Amino acid sequence: MKTAQAGTLESMDCIVTVTETEKGRGISIAMEGASIVRFGEAMLKATKDTLKDLGVRDISVSIQDNGAGDLVLKARVEAAVRRFAGVRTP
Amino acid sequence: MRLRRTKLYLPGNNPNMLLRGHLFGPDGVILDLEDAVAMSEKDAARILVRDVLKRGDFGDCEVTVRINGMDTEYWKTDIETVVPCGIDGIRIPKVEDPKDIALMDEALSQIESKARIPVGRTLIFCLLETALGVWRAFDIARASKRVAAICPGGEDLRADLKTTRSENSEELIGPRRMIALAAHAAGVDALDTVYADITDDAGLRRETEWVKQLGFQGKSVIHPNQIPVVHDVFTPTAKEIEQAKKIVEAAAEAAARGLGAVQVDGRMVDKPVVKRAEYTLQRAGLKAGGEKA
C-alpha cells in the first residue's frame, strides 16, 4: 500500500503519515498525542483544510502529535501529501 | 543603520527553533535550508520555512534565509518559495564568482516583480567559504547593489585551506582580514562566522573582541546563549557613548564657527576621530547614517 510521511516527534512537531485508500472512500484522519483532547477539533479542521487546498479527496491520514500548532501541522500534512504524490517541491 | 551584531541560525526543519528563535533577541535570524537540513528533508523544511515566514512574527529581527548553494539543484526552488514571503535577505553559501551574484540579482528581481514586492528589497549576504571566494571578496561585494554583507566561512574554509581548527583560529586570520578590508572598500558589512563551542563563553568573547577590532560589525551565532556575549562586545559602553557625544557636539560647534579642528578634554580632535565617534553613536542607535541598507 502506498504511503508517505513527514515531520518528527521533536517538541512542537508531529509526524504525519498518509496512506492511499480506494477511490471514493473519502478522507479518514486518526490522531494521537497529548494535545488532542484540547486541540483535536482545530487540528482536524487544519488537516481537512490543507487536504482540500491540495485537492486531495481520498486518503487516510495518521497524526502523531507532540505539540505542533496549526502552522506546523499544515506544513507537515502538505509535505507528506506532496511526497505521496511524488512532488518534492512546494 | 541596521544593527547586525548577531544573526542566530535556526534549523529549517525544527519548528521549535523556527517559531521561538527571535524571542531570544538577536538582531537577525537565519532560517537555514542548507547545512542544518538533511538532504531527505529539504522539501519538508522548505514548506515549513515558507509557512513560518508567512506568519511573519519575528519582532524587530532582520529575517534572512540561508538557501542551498548555487551549485545545487535546490537554490532556485528555495528563492521561489521564500522570497515572495517578503524576507529581508538571502544568505548564499560558498560564493566564489561575482557572476553568480549578478545571476542571483536577476533571479530575485524576477521573483520580486512577479510577487509585487519592490524590486531590490531582498538583500544578499554572501558566505565566502573557499579560498577563491575570499580572494574575490571585493568583486563579489560589488557585484550587486543588493549585497549587504560578506562573511567568512568556518569549517569549509579551513578544509579548502587544507588546514584544521586551531585553538585561536590562527588559520583564519588572513581570510578575516581580507574580508574586513574588502567589505569596507565595497561599502558593505563584514559579519563573522560562528563560534562553534557553545559552552565556552570566554572563548566566544575573545574571538568576538578580536573580529570587532579587525573591523567586523557582527557575528553569526548558533545558540541563544551566545547572543548576550556578542551584543556586549559590539555595543558601545556608556563611557564610549558619552565621549562620542562630546566629540560630535564639539565638532558641530567648531563647524558652525568655521573652525577645522577642535579640542575635547585637552586633546585635538580631527576628522577621523569625529567619524569614529559618529559611528559609535550610530551603533548605539543615537545617530542616523552608516553603511548602506
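Here is the naming used below: chain letters follow the sequence lines, and residue numbers restart at 1 for every chain. Keep in mind that what you see is a predicted model, and the values were worked out from it rather than measured.
Put simply, of Asn13(B), Thr81(B), Leu18(B), Asn14(B), the one with the most heavy-atom pairs under 4.5 Å next to chain A is Asn13(B).
Chain A is approached within less than 4.5 Å, heavy atom to heavy atom, by Asp51(B), Val52(B), Arg55(B) from residues 51-61 of chain B, ordered by number. For residues 31-47 of chain A, a heavy-atom distance under 4.5 Å to chain B picks out no residue at all. For residues 9-26 of chain A, a heavy-atom distance under 4.5 Å to chain B picks out Ser11(A), Met12(A), Asp13(A), given by residue number. For a heavy-atom cut-off of 4.5 Å, chain B lies close to Leu71(A), Val72(A), Ala75(A), Arg76(A), Glu78(A), Ala79(A) in residues 60-80 of chain A.
Leu19(B) touches chain A through its side chain: at least one heavy atom from C-beta onward sits under 4.5 Å away, while N, CA, C and O do not.
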